[in-house]
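Order of the sequence lines sets the chain letters (A, B, ...), proteins ahead of strands, with each chain counted from 1. Values reported hereafter were calculated over all heavy atoms of this structure, with side chains retained and with hydrogens, waters and symmetry mates removed.
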Amino acid sequence: MTRLSSPEKLECARKEIVAKIDPSKPCISVCAGAGCLASGAAEVIAAFKTELEFHGLTTEVNTRGTGCPGFCERGPIVMIYPGEICYLQVKPADVPEIVSHTIKEKKVVERLLYVNPATGEKVTRESEIPFYKNQQRNILSENIRLDSKSIDDYLAIGGYSALSKVLFQMKPEDVMGEIKKSNLRGRGGGGFPAWRKWEESRNAPDPIKYVIVNADEGDPGAFMDRALIEGNPHSILEGLIIGAYAVGAHEGFIYVRQEYPLAVVNINLAIRQAAERGLVGKDILGSGFDFTVKVHMGAGAFVCGESSALMTALEGRAGEPRPKYIHTAVKGVWDHPSVLNNVETWANVPQIINKGADWFTQYGTEGSKGTKIFSLVGKISNTGLVEVPMGVTLREIIEKIGGGIPGGKKFKAVQTGGPSGGCIPEAQLDLVVDFDQLTKAGSMMGSGGMIVMDEDTCMVDIARYFIDFLKDESCGKCTPCREGIRQMLRVLTNITTGKGKEGDIELLEELAESMGAALCALGKSAPNPVLSTIRYFRDEYEAHIRQQRCPALACKEMIAFHIDPAKCKACGTCFKQCPAEAIEGGKKRIHVIDQEKCTKCGTCFDVCPKQFGAVGKISGEPVPPPVPEEKRAL
Amino acid sequence: MSEIHLQIDGKDVVASEGMTLVDAAKSVGITIPTLCHHEKLEPYGGCRICTVEVEVRGWPKLVAGCIYPVEKDLVVRTRSEKVDKVRKVLVEEMLAHAPDSEQLKVLAEEYGADKDRFDKHPSFCIHCGLCVRYCAEIKKKHAVGFVDRGSNREISFFPEIAGKECWDCKECFPLCPTSALQAAYVLAESLMSPPEEAGGCGCSCSGHKK
């Protein structure tokens, strides 16, 4: 592969690549992101290759595995160009029909299209599916346009033009100015303005500086960084090199968790390809600017997403946070100035350079500019990655894009910001989503996890879940975090198992206050899931403590299953399926649950035929006595 | 070194650059309690008992006095209501591990901490890391370290190193504020020592020559 030794050569190479692309030539793009691969995308791609070969179409049709377009709920996703036909949940068995119908006869396979549940209408084009239509996909939209393993694909869509522009038309101060003007804020959690970190590092006298990508995504339910680094690794790399040029760094690191094997493979491949083309390494594009980058695999500790812990881990030591009274931008890895930004933050950089800060700031609110990617998960119809401009409301995301709550259930809360965030209730659904508003509501933007919960979710149990997660994920170095989490978990476990007592809520609040003295942001923000649920769902805490009742009927130790004798038709379904053999039944005899034997698995509740609805869940009240023997005959 | 003027508990203090709040307070006779702090060791900031309240650009925040560097015009409160409340909970949490520690008892008295507030967790260790850091930084032996993380974090002697190094050293013993170290060490020793009748482990390790 030829090294591109000048910006002109880069443009020539790009022209050559683009010239080879025939826009009218059919292209089958299959999402090859981790989610779709798990649902069989690799088999679908293989089936397309075999089928095209069978029809002798190998040279006339392109097939490629792309990055994740976001609609993970309906994977594997297949897009057919030109025409942008979008097929969902495609199986290898569907492939012959797609090739014979869509590729050969230019007809649409109706049964694989998206059906709008509201109208029953079928939607052919991706951009018309409500899930996508209501998004603003500045960053994510590139994923489906390119083969994640091909630098040529990235060059074809204008890749590395921002780097070339920066190196030959802008001084580092100009780059700083543009980023400052864009007011790009860190997408990893705190929302700290990127330019401030950059400027602090740039102004630090130490000549050795580092730039780092934080790809240690670890919030439960969050996967936007994975999709970016797997799907479009070159964009992250390009952003990083631009950052390095601006702050005067010549070395960089990409800290990616090893649980993201495909991301590790794709980013390493991207670096190798970029090095072969002279886009990373010595004398980039003949500009005289040198930059090398190493991939560092994280060992899986959640706390390593915290900047100082990540840097300690980069140095080869156990990933523990250290005091940051002097910013890591001044004294970071091996005490050298180090700029650490999240994957999504870096991915924004090339676009800001190419399209300008004014383009970027047209999206968003006063204090939060641009778009943000969320991973919308939980009790929501359309699970997946969602990119929206800052400033849309939670309601728009959940109802318009997410398609609301499935199964006719009622919305209860949305959890944002992972273990450092909080739960936001229905009354606040019209809150606009930006860094400052979410913090005001007692939650936070975090890296973009958004977990939707319905009426069946117990909010005390959710708080307990997050604290239990942190019990193992705190590094354990400082007392308020380690011990505070331990004690909080004990209190929350008591409450959710019916052993709560008066004063527990106040104790949780007191522990939360002491955790304000923790060493790092993980510990300081660890009480947020507890405090926000107390703030908005105090009645649920009180019901658990005072009435031994779980209003959501979710806490196993506080509920009982009961068969309503008036409704039971003695069909035997629950009797046969109870794994604990806790149901006493018989032909034409009203069934009865033996409460001693019942393990509260809920099987009887789930299998009781809908038309009978005889099995009920109760909490906070005594179980009615079983029907007397003589009255059990139907 | 340039002079830095700041205010601690209403007193004007002149400190030199690089000093911590604990040092600066000490210079005017104000004691900020510490547990994991040690003059010979790198600042650690683990136990947080030295938590104080500072005002940065008008915003109060809690920081660790043993590592926070003095800043010009900083306002520091070492005994605000908030600070005392935090210290009380921290002492109570540590007492759940080491109820008999003399140092903790003194602190409990000072801050009105109830040693029975939280259920006992008899590990005896409060994770101050003095033994671990002393062994690593001063002795450069790394015979004792932290294992696991979060609530499961504990100190552990590594038999391969401890067997060779610890018998003639034991300098970390008196540093331990809870006597946890002895417990851990005794445990490690019992694990390492061969049964008497076996007559040594047959290796040349110094630990078994006694």
| query | Between the side chains of H127(B) and E154(B), is a donor N or O closer than 3.5 angstrom to an acceptor N or O? | reply | no

| field | Polar contact flag, side-chain donor to acceptor under 3.5 angstrom, T178(B)-S101(B) | value | no

| note | Under 4.5 Å to a heavy atom of chain B? For Q487(A) that would be side chain

| said: Tell me which of these, R482(A), R322(A), E320(A), has more heavy-atom pairs under 4.5 Å with chain B than the rest. | reply: R482(A)

| request: Compare all side-chain heavy atoms of K120(B) with those of P99(B) and state whether any distance is below 4.5 angstrom. | output: yes

| message | I need the minimum non-hydrogen distance between P419(A) and L470(A), along with the two atoms involved. | response | CB-CD2, 3.8 Å

| field | Which atoms of R149(B) approach chain A - backbone, side chain, both or neither, heavy atom under 4.5 Å | value | both

| field | Cation over ring face, K477(A) and Y44(B), 6.0 Å, 45° | value | yes

| query | Top residue by heavy-atom pair count (under 4.5 Å) with chain A, among C36(B), P69(B), G46(B)? | reply | G46(B)

| message | Can you tell me which of I49(B), D119(B), T51(B) forms the most heavy-atom pairs within a distance under 4.5 Å of chain A? | response | D119(B)

| query | So what's closer than 4.5 Å to chain A heavy atoms on V63(B): side chain, backbone, both or neither? | reply | both

| message | Is any side-chain heavy atom of T533(A) closer than 4.5 Å to one of Y541(A)? | response | yes

| task | Measure from the side-chain N and O atoms of E315(A) to the backbone N and O of W334(A), and report whether any donor-acceptor pair falls under 3.5 Å. | result | yes

| message | Looking only at heavy atoms and a cut-off of under 4.5 Å, which of A64(B), S151(B), P43(B) has the most pairs with chain A? | response | S151(B)

| task | Please flag which part of A518(A) lies under 4.5 Å from any non-hydrogen atom of chain B: side chain, backbone, both or neither. | result | backbone

| note | Looking only at R87(B), K88(B), E71(B), H121(B), most heavy-atom pairs under 4.5 Å shared with chain A are made by H121(B)

